[in-house]
Amino acid sequence: MSSCVPARADSARTEHIHPPHSPPTGGPRRFRLAGADVSASIAVFLIALPLSLGIALATGAPLQAGLVAAAVGGIVVGWLGGCPLQVSGPAAGLTVVTADLIQQYGWRTTCAITVLAGIAQLGLGCLRVARSALAVSPAIVHGMLAGIGVTIAVAQLHIVLGGTPQSSVPDNLLALPAQLANLRPADVAASVLTLTLLFLWPRVPGKAGRLLGKLPAALIAVAGATAVAALAGLRLPKVDLPSWSSHALATLPDGPVLGLVAAVLTTTLVCSVQSLLGAVAVDKLVSARPGLTGRVKRSDLDRELLGQGAANIVSGSLGGLPIAGVAVRSTANVSAGAVSRNSTMLHGVLVLIATLLLVPALELIPLASLAALVMAVGLKMVSLNHIRTVTRHREVLVYAVTTGGVVFFGVLEGVALGIAVAVGVALHRLTRTRIKHDETAGVHHVHVRGQLTFLAVPRLSRVLHQVPQGVDTVVELDGSFMDHAAYETLQDWQKTHTAQGGRVEITGRRPGTRISEPADTDGCRCRPWTPWRNHQCEPPQPTPPPGAYGQGETGTDTDAVTGSPGRPSGQSEADGPDGPEGSDGRGKPTGTGVTGTPSGLSARDLARGISGRELARGISAFQRNTAPLVRGELARLAREGQQPSQLFLTCADSRVVTSMITSSGPGDLFVVRNVGNLVPLPDEESGDDSVAAAIEYAVDVLKVRSITVCGHSGCGAMQALLSAEPGGAQTPLKRWLRHGLPSLARLRDAPESPSEDTESWPLLAGHPPADAAERLCLANVVQQLEHLRAHDAVARALSAGDLELHGMYFHVGEAQAYLLSGDPVSAADGVFELVLETDLTA
């Protein structure tokens, strides 16, 4: 039952468990801790403990500061934050910033800066500007993290070799040869063992690997190196946790005002951006876990910013490191099965307990082992996947400049350089417009590639005036923006050229214009994949001649369209260059009445004429917008022949657009459509040669690698099967639907509820179907896959391993596709799993 209060006052059927004006029965809700949250918190704690110490070591802060930040991040952000499953604490992305602050201002002033950064985050959260932080280019963020990773790795390499890092990357690189000449074998041995365990632990094969893989590699690596160092009696620098009585707390900031302001802004920026991006990433991880989407709410980014600010205030006041969302721990939390924010909070409690009770064990850890762990984390921050992504989007320059700026100048300076380069690249793309002129078969073509702004007007005007007077001209626009100056230039030239006897056709994308909109549907926007008005617009009403609808009835003119370059106002996109359809070439209607509608036509004739014009408009839009883009590919397919990889068998329903829902193009799919996506059995009595021939041709001739049977919601054929009554005239539709009777029998043989026998109940993303019609649609997909196996061509290809069968269900109302998992024929009827959105740039 919905927990929402009905908005209607006449909701008499609403049931009340208790009287509407009395308090609910029973006592207050008790706090419950799910077992999944307990196990997830332990897994995150085991990862956070060594990483917190390592990050504190890398920053030069007291080692206890890392544990304080981990505990505060878990408890405070877990309680107040807007992303329930994100784990916060000392992050590797803050290492360079914090190290610079400690070196410049000292530890206690750095704690004060952390407090001020937390206050700034609270202010930003109250202003609700969290979403604006996501406007930063991903190339800048990835470049910042890569630069921080390089800085961390180079600095920690000195500790791995038994030395002490310098204050900057150039100094560390210059000191590296001397450090290699004086390396300490014991430190190197502990570091190499840590890195070896860290790399090999997740790769242990077999059943033992699955069991051992439940323990985090970071913990095993540090624990293994610590045990070996202790057993071998190696003399190395180890963790030194001073007494809590001497723990340094925050003090009033001391230093130049501008420098402190810059430090606070840098800390705020890095903490906020990393936390918000981490929250968005956690949302994606949550959506990928079946059954978790409804239990865990989507992140509230403004609340997350408030939680991070509160945590930084507490951490800085208690002498802890700055806090941000941590990707490694958050991923481990979701993967370990966490279902609420309790796992994050419990992990913070466990860190606090370890800080108080496990000090003797922590002081056995070699510093070289922690340095090796942090160095590995830094190297992972330089992601090859990110580099491929920014290269694909032509933003590698922004990425490289940001990375180099962070490495050689600092985080704030590197980010500023990256933003400047990103703005420069955007302006360059906006102003980079290629305009060329050529002549083909007596027709002059002006090609415009890019955005048409006032900066491109001189070149556009120069090229347009190279076109001779009185010739046929085609202006091809390929861009998504045209400002007023460019529009005026193009329109003025068009009027002049037309007045001199020439003809002008403007093709391609025309920004700012509508697609043949009728005047009586003001404000309507049809979708870009089709000019047909069957989605959001009312169908145009024809204007009859006087008396066409009876005495006194009138209509409106539906041929008026908004003006656009290349066409006088009132001329349809489907019209020819000489005037509207049905004209004599001079724009004068032929055989029309007063309103311009053919006189003496019935309403049916008028509707038929409108349908014809819609067809013509659709073809015209294809020729203008799509044909130039696919002409080369279609020419190749015409030469080489079709080589589709899939046979896609689906319903003839007009709402199921196969190319759109599969993102396929010409030559990709061999499509067979029929009423009910049925596959008749191959026998003489009930077989159907048309479907069987298509299957045989696809498998034996085209050599397709897979066959997909796709059903959909609201299928009329399935509704007809459910409501069919025995007997009656055998119409062609009834004779065809007899091929769906096995699906109906499968449905009726199944139990009445999924609780009785879940093995024979098709499930939709783990849930039973909404009603009998949807249940029959799912069962029909499974049944038709069985029918496919009965065809000889399919059976041979399956036995040879050359073919795969797939079941698919498309929910029209949700625009969501589901794929059938497992082998529904050999075992259960299977589960139709949700097909999730993925990062297409990765």
Side-chain angles (χ1 to χ4, degrees), residues 646-653 656 672-683 685-692 694-695 698-699 706-724 726 733-752 754 756-765 768-795 797-798 803-811 817-833:
Q646 297 187 50
L647 166 60
F648 199 85
L649 198 150
T650 188
C651 186
D653 193 293
V656 181
V672 175
R673 304 183 69 142
N674 60 53
V675 176
N677 47 276
L678 301 178
V679 181
L681 287 169
D683 57 71
E685 180 181 352
S686 62
D688 181 270
D689 288 342
S690 65
V691 178
I695 294 172
V699 175
S706 69
I707 302 178
T708 301
V709 176
C710 176
H712 68 95
S713 63
C715 182
M718 299 300 104
Q719 293 282 3
L721 277 175
L722 283 174
S723 59
L733 179 59
K734 286 187 176 180
R735 287 196 296 271
W736 168 253
L737 288 181
R738 73 181 185 275
H739 301 303
L741 293 177
S743 302
L744 191 60
R746 173 186 286 266
L747 175 69
R748 290 172 175 169
D749 291 342
E752 292 298 325
E756 297 178 17
D757 183 9
T758 57
E759 292 297 318
S760 58
W761 188 291
L763 300 177
L764 195 62
D771 51 30
E774 186 170 68
R775 187 179 166 200
L776 178 58
C777 290
L778 299 178
N780 183 58
V781 172
V782 177
Q783 185 66 38
Q784 303 314 312
L785 289 173
E786 283 191 19
H787 290 182
L788 269 175
R789 293 173 180 265
H791 286 259
D792 292 339
V794 175
L798 287 174
L803 185 66
E804 296 179 351
L805 299 184
H806 302 289
M808 177 176 167
Y809 179 76
F810 182 69
H811 196 291
Y818 299 81
L819 286 179
L820 184 61
S821 63
D823 187 354
V825 177
S826 61
D829 278 358
V831 177
F832 287 79
E833 297 287 357

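The first residue of the sequence shown is numbered 1, and numbering continues consecutively from there.
In this view, Ala790 and Leu681, Pro682 satisfy the side-chain contact (heavy atoms from CB on, under 4.5 Å) rule, not counting sequence neighbours. For His811, there are no side-chain hydrogen bond (donor to acceptor under 3.5 Å, both in side chains) partners two or more places apart in sequence or in a different chain. A search for side-chain hydrogen bond (donor to acceptor under 3.5 Å, both in side chains) contacts involving Ser743 returns Asn780, Gln784, not counting sequence neighbours. Residues forming a side-chain hydrogen bond (donor to acceptor under 3.5 Å, both in side chains) with Asp653 (at least two apart in sequence, or on another chain): Arg655. By the side-chain hydrogen bond (donor to acceptor under 3.5 Å, both in side chains) test, Ser690 pairs with Asp688, sequence neighbours left out.
In plain terms, the two heavy atoms of His806 and Ser706 that are nearest each other are CD2-CB, 3.8 Å. Taking every heavy atom of both residues into account, Met808 and Val781 meet most closely at O-CG2, 3.7 Å. The shortest non-hydrogen separation linking Val672 to Ala694 is CG2-CB, 3.5 Å. Counting all heavy atoms, side chain and backbone alike, Leu737 lies closest to Leu721 at O-CD2, 3.5 Å. Minimum heavy-atom separation, Leu733 to Val675: CD1-CG1, 4.2 Å.
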Which is it for His739 and Val691 under the side chain to side chain contact (heavy atoms under 4.5 Å, CB included) test, yes or no, and what are the steps along the way? CA-CA 12 Å; His739 301 303; Val691 178; over 6 Å; no
Kindly determine whether Val656 and Arg673 satisfy side chain to side chain contact (heavy atoms under 4.5 Å, CB included), including the steps that lead there. CA-CA 10 Å; Val656 181; Arg673 304 183 69 142; 4.0 Å; yes
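Side-chain contact between Ile707 and Val699 is present, with heavy atoms from C-beta onward closer than 4.5 Å.
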Acceptor/donor pairs from residues 708-719 side chains to any protein atom, 3.5 angstrom cut, sequence neighbours excluded:
residue: Ser713; atom: OG; partner: Val812; partner atom: N; Å: 2.8

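For the atom pair Leu803 CG and Leu647 CG, the distance stands at 8.5 Å (nearest 0.5 Å). With values rounded to the nearest 0.5 angstrom, Asn674 atom CG is found 5.5 Å from Leu649 atom CG.
Not a single donor-acceptor pair under 3.5 Å links the side chain of Arg789 to the backbone N or O of Glu786.
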